[in-house]
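I have placed the structure first, in the form of structure tokens, so that the comments after it can refer back to it.
In the text below, chain A, chain B and the rest are named by the order of the sequence lines, each starting its count at 1. As the structure is a computational prediction, the values presented were derived from the model and not from experiment. Side-chain atoms are counted along with the backbone in the values below, which use heavy atoms only and exclude waters and symmetry mates.
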Number of protein chains: 2
Amino acid sequence: MSSELDNEQELPQQHAVTIHDVARAAGVTIGTVSKALNGQGKLKEETRERVRAVALRLGFRPNDLAQSLLRGRSFTVGLITTDSYGRFSIPLMSGIEDALGSAQISVFLCDARDDAVREQQHINSLLAKRVDGIIVTGRRIDARVPIDVGNTNTPVLYAYAQVKEADALCLLPDEAQGARIATEHLLAHGRRRLAHITGPSYFEAVQLRQEAMRQVLKEHGLDLPGHRALAGPWQEAWGHRAVGFLLEMDPGIDGIFCGSDQIARGVVDALRERGVKVPADVAVVGFDNWEIIAAATRPALTTVDMNLHELGRIAGTRLLAMIAGEKASGIIRLPCSLIVRDSCGVHTLGTAERRKEDQGD
Amino acid sequence: MSSELDNEQELPQQHAVTIHDVARAAGVTIGTVSKALNGQGKLKEETRERVRAVALRLGFRPNDLAQSLLRGRSFTVGLITTDSYGRFSIPLMSGIEDALGSAQISVFLCDARDDAVREQQHINSLLAKRVDGIIVTGRRIDARVPIDVGNTNTPVLYAYAQVKEADALCLLPDEAQGARIATEHLLAHGRRRLAHITGPSYFEAVQLRQEAMRQVLKEHGLDLPGHRALAGPWQEAWGHRAVGFLLEMDPGIDGIFCGSDQIARGVVDALRERGVKVPADVAVVGFDNWEIIAAATRPALTTVDMNLHELGRIAGTRLLAMIAGEKASGIIRLPCSLIVRDSCGVHTLGTAERRKEDQGD
DNA sequence: TTGTACGCGTTATCAG
DNA sequence: CTGATAACGCGTACAA
């Protein structure tokens with residue numbers, strides 16, 4: 001074993017191997033190495049091969065910092081989550097990373113913990129690192145204040161977050177459409193006396209959904225009286241309690257649209273405990289498609305999926321376009337889907353046809 | 001409004017403002033600017049102030065890329081999650097970011113989706129970006145294969161992940177200790193006929209916990225016969241089903257230690273449906289302290305918390321130390337805590353004293 | 001076909 | 001006290 005081999009394999013080089021090292025080892029200059037490795041210019045094939053071999057042998061990795069400095073682009077973007085990442089962030093982040101990853105872009109993760117100064121620190125850090133763009137995410141009750149990127153004209157996109165500035169681009173789930181398909185599903189299953197058990201009414205999402213539900217009912221000549229629209233905390237226990245109020249005031253209810261799967265679970269459990277059959281007597285639709293809850297509920301929840309992974313993917317794609325120079329602004333609402341399980345009966349064809357639900361556990 | 005002001009406020013400069021711009025505007029050279037802004041060298045206070053003012057006015061932000069290139073340190077680390085981020089990743093990531101954030105270090109998020117080539121791409125990208133260190137995370141059934149950082153001597157730390165290499169540093173929750181405190185808690189509440197309902201036995205965590213539980217029981221002159229240790233899928237439905245098997249074979253059970261809060265929830269629900277009182281007749285302890293499940297269960301679950309946020313924090317801190325030059329290796333197990341709620345009775349003093357549980361809903 | 005030299009934005013070391 | 005200049009690692013016109 002020659003000492004040369006020792007150097008290569010055993011001594012972890014203190015300073016990472018640079019293009020100069022490769023040039024020296026290959027007996028050429030750095031210009032030649034660069035051309036050989038990037039397939040630029042005109043080189044003798046033999047030289048190119050030799051340089052490549054040496055680079056490989058030395059484990060040469062081009063320094064992205066130097067490249068970024070030169071190109072004026074870092075191929076990184078910042079991802080800011082305002083409320084520390086709740087469960088909604090997971091599909092969202094995963095979708096964003098999907099889109100960005102396939103464009104060879106790395107993502108800086110910043111958790112602002114809902115703290116303004118902390119957030120600004122993160123932003124400053126991102127700008128100092130010359131990120132190509134920033135995605136801001138994190139559901140809030142009302143529109144948040146836009147982030148301040150100073151004079152940097154760094155593209156910013158809000159995903160599952162909203163600001164009032166007209167020139168900002170916000171991607172949001174279409175809450176109204178989500179409520180609409182849920183309500184229509186209940187109606188399609190022949191339910192006519194519907195109720196809504198949901199979260200605090202100061203959430204914009206709550207208002208949008210309730211409004212949409214009311215609208216759909218109206219289109220069918222039905223209504224949603226106040227005592228059938230119950231707002232409370234986003235908790236399973238609230239769903240459980242609300243069923244008590246509801247049945248006491250209006251025992252004829254035959255369908256309930258819930259503002260979250262957690263609430264829906266509380267609702268379904270409470271109904272079962274009272275001997276009310278789901279979906280035979282009362283059909284239930286949830287919201288969020290939080291699998292771990294929706295699938296564990298008995299019967300499994302039919303629920304609205306906000307398609308947050310897809311929303312994230314689109315956010316990433318749109319940001320790439322903005323980085324490429326596209327101007328974009330406004331609020332874009334992306335459609336929700338209905339995930340049909342068992343809590344509403346299984347059949348979804350037509351409006352009248354009904355079939356006995358076969359409850360597989 | 002002068003045209004100067006126009007330039008500053010309305011025209012978003014195409015190229016970010018550099019130290020040269022500041023120097024020119026302040027009528028000094030870049031060296032002076034650097035010193036003024038970094039508090040280095042000896043400068044007339046008036047000059048320093050003037051330069052600072054100009055820098056602020058121009059919105060100058062030092063380019064971290066250039067600094068990193070020069071210093072040979074990027075002040076970034078990579079975070080690789082192997083299994084796409086499950087719910088365990090959230091407290092973990094948050095803890096890691098806590099520790100790293102307070103050291104002014106930014107985090108690259110990489111989701112490997114449990115795909116080896118994707119993972120290696122991410123690693124190559126991180127190395128090209130000259131990250132100062134890498135944290136690998138993501139629970140797996142068995143030890144994973146170590147990541148390949150080539151010849152870069154980049155510090156690597158495994159958090160909530162495990163490799164067999166002896167010179168790697170792995171941070172893991174102390175599963176055995178977690179099982180021990182759960183079991184001892186049940187015993188302290190006077191339970192003597194304990195059962196264990198948990199996940200698939202090919203998980204190392206499952207084996208470690210079961211072994212520990214058995215050990216504790218042995219120390220108290222008790223045992224855990226095979227028919228009281230039930231392994232199944234990590235699902236609520238499994239807990240629900242398992243209760244049936246258990247009670248059929250051994251109706252005298254007075255305490256159940258569950259492998260997850262989801263399983264525990266299934267267990268508690270099944271017990272209630274059978275008219276078995278929790279905790280009066282049977283006490284239940286869960287695992288994970290997954291608040292949303294544990295708190296929604298009636299009665300709320302007493303459960304083991306793996307302290308993953310703290311584990312993440314420590315991971316971040318240790319990585320910083322490694323970046324600073326500290327050599328570290330081996331497996332470090334961090335203690336779990338018991339979160340006492342209602343599913344086991346409320347009193348935890350002494351071993352015999354018991355009090356009527358007051359079930360607040 | 002290959003080598004040279006400049007610039008990207010900083011910091012730090014010397015002169016002045 | 002301040003100004004000029006050399007790095008850091010790379011890509012690329014331009015010269016040889």
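Every residue two or more places apart in sequence or in another chain was checked for a salt bridge (charged side-chain N to carboxylate O under 4.0 Å, His left out) with B/Arg61, and none qualifies.
Atom CZ in A/Arg61 sits roughly 12 Å away from atom P in D/dC10 (whole-Å rounding). Rounded to an integer number of Å, the gap from CG of A/Leu69 to C1' of C/dC6 is 13 Å. At whole-Å resolution of the value, CG in A/Asp64 and P in D/dG11 are 10 Å apart. Atom pair B/Arg73:CZ and C/dT11:P shows a separation of 16 Å (rounding to whole Å applied). With rounding to whole Å, A/Glu49 atom CD is found 17 Å from C/dT1 atom C1'. For A/Leu65 and C/dG7, the CG to C1' distance is 17 Å, given to the nearest whole Å. Rounded to whole angstrom, the span from the NZ atom of B/Lys129 across to the P atom of D/dC10 amounts to 14 Å. Atom CG of A/Leu37 and atom P of D/dG11 are 8 Å apart (whole Å).
Annotation: the span from A/Asp111 atom CG to A/Thr81 atom OG1 amounts to 4.0 Å, rounded to 0.5 Å. Rounding to the nearest 0.5 Å places CD1 of A/Ile96 at 10.5 Å from NE2 of A/His309.
For B/His20, the side-chain atoms get nearest to C/dT10 when compared with the rest of C/dT10, D/dC8, D/dC10. Listed nucleotides C/dC8, D/dT12, C/dT11 differ in distance to B/Leu70; the shortest reach to its side chain belongs to C/dT11. You'll find that the side chain of A/Arg71 is closest to D/dT12, out of D/dC10, D/dT12, C/dT11.
B/Asn38 places no side-chain N or O within 3.5 Å of a backbone atom of B/Gln40 that could act as its donor or acceptor partner. When atom types are taken as modelled, the side chain of A/Thr32 and the backbone of A/Val28 share no donor-acceptor pair closer than 3.5 angstrom.
Under a 4.0 Å N-O distance rule, the pair B/Asp98/B/Arg313 does not qualify as a salt bridge.
Across all strands shown, B/Asn38 has heavy atoms under 4.0 Å from sugar-phosphate atoms exclusively, and none from any base. In this structure, A/Ile30 reaches the bases: a heavy-atom distance under 4.0 Å links it to at least one base atom across the strands shown.
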Derivation and outcome, side chain to side chain contact (heavy atoms under 4.5 Å, CB included), residues B/Val17 and A/Asn151: CA-CA 9 Å; B/Val17 24; A/Asn151 53 4; 4.0 Å; yes
Trace of the side chain to side chain contact (heavy atoms under 4.5 Å, CB included) decision for A/Ser89 with A/Thr137: CA-CA 8 Å; A/Ser89 314; A/Thr137 183; 5.8 Å; no
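Phosphate contact (OP1/OP2 of C/dT11, side-chain N/O of B/Gln67, threshold under 4.0 Å): present.
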Under 3.5 Å, which N/O atoms of the protein pair with N/O atoms of nucleotides 1-3 of chain D?
from, atom 1, to, atom 2, distance (Å)
D/dT2, OP1, B/Thr47, OG1, 2.8
D/dT2, OP2, B/Lys44, N, 2.9
D/dT2, OP2, B/Thr47, OG1, 3.2
D/dG3, OP2, B/Thr29, N, 3.4
D/dG3, OP2, B/Thr29, OG1, 3.4
D/dG3, OP2, B/Thr32, OG1, 2.6
D/dG3, O6, B/Lys35, NZ, 2.5

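Classification of the B/Phe88-B/Tyr160 ring pair by plane angle, with boundaries at 30° and 60°, yields tilted.
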Dot-bracket encoding per residue of DNA chain C, Watson-Crick/G-U cut-off under 3.5 Å, | denoting interstrand: ||||||||||||||||
